[in-house]
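Below you'll find the structure, written out as structure tokens, and then a few comments.
Values below: every heavy atom of this structure, side chains too, minus hydrogens, waters and symmetry copies. Protein chains get the first letters and strands the later ones, always in sequence-line order, with residue 1 at the start of each.
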Amino acid sequence: MSAEVPVSPRRGLPFGVRAVPREVVPAWLPPLVSIGAIVLALAIGAIVLALVGGDPLAAYGQIARSSFGSIDVFSDTLIKAIPLMIVGLACSVAFRMRLWNIGAEGQFFMGAWGASAVVLIPLVAEDTSRWLVIPLMLLAGMAAGALWGFIPGVLKARFNVNEIISTLMLNYIAIAWNDFFIFGVWSEGGFQMSKTFPKNAWLPRLTDYADYVDWFSGLTTHMGLLFALVAVVVVWLILYHSRWGYEIRLIGDNPRAAQYAGVPIARHTVLVLMLSGALAGLAGMSEISGVVHRLQGQISPGYGFTGIIVAWLAKLNPFVIVIVSILFGALILAGREIQPSGIPKMIQGIILVCLIASDFLLRYRVRLQRVERLNA
Amino acid sequence: MDPTIILQAGVASGTVLLFATIGEIFAERAGVLNLGVEGMMLMGAMTAFSVALLTGNAWLGVLAAMLVAGLLSQLHALITIHLQADQVVSGLALTFVGTGLSLVFGEGLSKAGGGALIEPFSIPLLASIPVVGPIFFANQSPLVYLGYLLAPAAWYYVYHTRPGMNLRAVGEYPAAADSMGVNIYRLRYLYVFVGGVLAGLAGATISLAVSPGWFSELTTSGQGWIAVGLVIFAQWNPLRAMFGAYAFGALRRLILDIQGPTVLFGARNPFFYNPYLGFFLQMLPYAFTIIILVLGSREAVRNRLGAPAALGLPYVRGERGR
């Protein structure tokens, strides 16, 4: 990245745009540019909202109030943020190696299915202790997610199959697989959902401890938050403090150098996609055991896809993912009440577009210059 | 379970994949991977259906769809060509934006029925050819007939014309093409636009001809992604894309029809007696996409063929050429 971008001046304008590559990026610039991109995205979203006859200010005000307005709604925001944190981590691990795992949505569903199987087959007796059931569900969910990452991993490593397409196709397969069980095998009384899980398969919630701490009463934030935070630290340790993580980053930054250094790229491809799938599966388990308490079709408003944006917005930094997830959790929570229903998805898309476009500002200094100097 | 009907419907619904796949072939031949096909198709389907509803003219709907999807594609072009962003992430973003915008502008459209549609017709003489006639030339949409012309025309353009040669040069070795006076930036914008226009046409084909109506995200149900997979299977060759698209279309129809009869190949039809098994049939197009990618990549290695060499790489003039 050394040459200038040849941006020619528009005919008739006295000024042209000139982009000069940056030698150093000041530390304050990336966060500033990211925030600027989000503000710009919200402004564009507001224009679109106004175009379809909505009131953008009212809509944004409502999003803020119904997600951060009180401790109760903030608890609900956190509940939406939990799967985003874990899925965001899942995506960031794969993206760090430049593996485009777009299949977190399917891995999430498989995780939910695996966790449900423990209760619904059932693999454990009805009166088993919660402290045995939940770890089992956790393992089953992560294993099912990891399997859904293993398939594209092996296909990529052995047959050079593009993982973008294979992970995406596996999303549809996972949803059909889930539907088979929801509509058929585990259907409860003909409804498209399983029976409600027994209480020993529910993740503990804050409100369960209201006897000890008064203000926990009514707060349904669940133990999945703990899973998410532990996962953040584990992923950070793996990526930045282990040999494996170093090799993952090396492959991501310079695959050729990694190859010359003897890094087993094929094996890492499979393992990283399995780790990514296992994390997305964990998110599915946490959602099914912490919030929904049964297997059904509507368990994800696209967490698997929003996780991609979360990971990218956080620049793949595990700790920043936590903060970004809370913001997007708010958007998803409030989005349920906003009409038209496509608004949250549209705003997410516009945010991502502005974000990747703004990266240009980190790599180049953009200057307006008089045409004669530009041509000189 | 009439093979003629399955193939006839397969050609019709395969036309959707055909347009989208050929569009993506053009973009990728120019070195720009556009994963926004699904989003552009949804925008096209929504625009076509609503314009046809408002104006009463289905062809205006088709034109509007092509224009809107083409404009949307220019967002990806700007971000990846001049701003040099990662093509994968930008394409994903385009799908998010296209999906979101089409849901917002298509709100309420699923309840509105009875707009103008593109009516099918039979081609005289050709339709009476045995076997082939009823499948390809009887009671098909004009858009299907357009597909028969487009695929060979695209193939001829890519392999046997000078602009087609420039197109391939831009995707294979942009630095060399640049030194020969080919405007890399302009051609990349142009072919990304062509890709968008054809994705819009694919969307319009769904909502105005193949399965009329607007059913939000279910309108395309992932066909844009299947098209991206088909490009690899087709080895970036429009004629192979034609074969793949029609085969996929036929598969989609077969999945529906196989659940109908009580007896299948002389045995009890499990798909009739246990409708839940239908979910496994629904997996087939997606599973087949993965399988053809496995087959396609093995063949590519054997034939030393593959993606355009500069696919996915931004071109910066003066930088060490690739």
Side-chain angles (χ1 to χ4, degrees), chain A residues 1-7 19 48-49 51-52 95 98 100 102 151-152 155 159-162 164-166 168-173 175-181 183-185 187 305 308-309 312 339-353 355-360 363-364, chain B residues 35 39 75-76 78-80 82-86 88-108 185 216 221-222 225-226 228-229 232 274-283 285-290 293-294 296-298 300-301 316-320:
Chain A
M1 288 286 167
S2 56
E4 291 191 14
V5 187
V7 187
V48 176
L49 263 173
L51 274 180
V52 293
F95 291 177
R98 295 189 75 75
W100 301 110
I102 317 299
I151 298 170
L155 288 174
F159 302 106
N160 198 25
V161 168
N162 185 318
I164 301 170
I165 314 283
S166 62
L168 246 152
M169 295 297 125
L170 284 168
N171 284 342
Y172 294 98
I173 295 176
I175 288 169
W177 172 261
N178 247 23
D179 281 346
F180 173 70
F181 285 87
F183 283 75
V185 184
S187 166
F305 298 106
I308 297 169
I309 306 180
W312 206 254
Q339 293 298 322
S341 55
I343 297 274
K345 195 164 263 175
M346 181 194 74
I347 294 180
Q348 287 178 29
I350 297 175
I351 289 179
L352 187 56
V353 166
L355 204 70
I356 51 182
S358 72
D359 263 0
F360 186 77
R363 279 177 285 129
Y364 291 92
Chain B
L35 295 182
L75 187 62
H76 179 69
L78 174 71
I79 291 176
T80 57
H82 266 120
L83 301 186
Q84 302 166 23
D86 191 287
V88 173
V89 187
S90 171
L92 284 173
L94 195 69
T95 285
F96 283 118
V97 170
T99 309
L101 281 176
S102 66
L103 291 182
V104 170
F105 285 100
E107 177 86 0
Y185 295 93
S216 59
S221 59
W225 294 108
I226 292 182
V228 177
I232 301 172
N274 184 353
Y276 303 122
L277 288 180
F279 289 115
F280 287 94
L281 293 175
Q282 280 178 20
M283 296 175 187
Y286 309 110
F288 269 96
T289 306
I290 295 177
L293 285 188
V294 174
S297 65
R298 305 200 75 162
V301 171
V316 184
R317 199 175 217 177
E319 206 170 82
R320 209 148 48 91

State, with a plain yes or no, whether a side-chain heavy atom of [X] is found less than 4.5 Å away from one of [Y].
| X | Y | result |
| --- | --- | --- |
| A:Val48 | B:Phe105 | yes |
| A:Leu170 | B:Tyr286 | no |
| B:Val294 | A:Leu155 | yes |
| A:Ile165 | B:Ile226 | no |
| A:Trp177 | B:Phe279 | no |
| B:Gln84 | A:Tyr364 | yes |

So which atom in [X] and which in [Y] form the shortest heavy-atom distance, rounded to 0.1 Å?
| X | Y | answer |
| --- | --- | --- |
| B:Ala93 | A:Ile356 | CB-CD1, 4.1 Å |
| B:Ile79 | A:Ala357 | CG1-CB, 4.2 Å |
| A:Ala176 | B:Met283 | CB-CG, 3.7 Å |

Contact class of [X] relative to chain B, heavy atoms under 4.5 angstrom:
| X | answer |
| --- | --- |
| A:Ile173 | both |
| A:Ile175 | neither |
| A:Phe305 | both |

Run B:Val89 and A:Trp100 through side chain to side chain contact (heavy atoms under 4.5 Å, CB included) and show every step you take. CA-CA 9 Å; B:Val89 187; A:Trp100 301 110; 3.8 Å; yes
Between B:Phe280 and A:Phe180, how do the two ring planes meet: parallel, tilted or perpendicular, split at 30° and 60°? perpendicular
Contact origin within [X] toward chain A - heavy atom pairs under 4.5 Å:
| X | answer |
| --- | --- |
| B:Leu293 | both |
| B:Leu78 | neither |
| B:Ser221 | backbone |
| B:Val88 | side chain |

Starting at NZ of A:Lys345, measure out to CZ of B:Phe96 and round the result to the nearest 0.5 Å. 8.0 Å
Evaluate the side chain to side chain contact (heavy atoms under 4.5 Å, CB included) criterion for residues B:Val104 and A:Leu49: first the C-alpha distance (whole Å), next the side-chain angles of each, then the deciding distance (0.1 Å), finally the verdict. CA-CA 9 Å; B:Val104 170; A:Leu49 263 173; over 6 Å; no
Salt bridge (charged side-chain N to carboxylate O under 4.0 Å, His left out) involving B:Asp86 - partner list, sequence neighbours excluded: A:Arg98
Consider only side-chain N and O atoms of B:Gln282 and A:Tyr172, and report whether a donor and an acceptor are under 3.5 Å apart. no
Among B:Ile290, B:Leu35, B:Asn274, which residue has the highest count of heavy-atom pairs closer than 4.5 Å to chain A? B:Ile290
Specify which of B:Ile232, B:Leu101, B:Val228, B:Leu103 makes the most heavy-atom pairs with chain A at under 4.5 Å. B:Leu101
Let's test your reading of the structure: which of A:Asn178, A:Ile308, A:Asp359, A:Val161 forms the most heavy-atom pairs below 4.5 Å with chain B? A:Val161
Count the heavy-atom pairs under 4.5 Å between each of A:Ile151, A:Val52, A:Leu168 and chain B, then report the option with the highest count. A:Leu168
Residues at least two apart in sequence or cross-chain that pass side chain to side chain donor-acceptor pair (under 3.5 Å) with B:Ser90, listed by chain then number, are B:His76
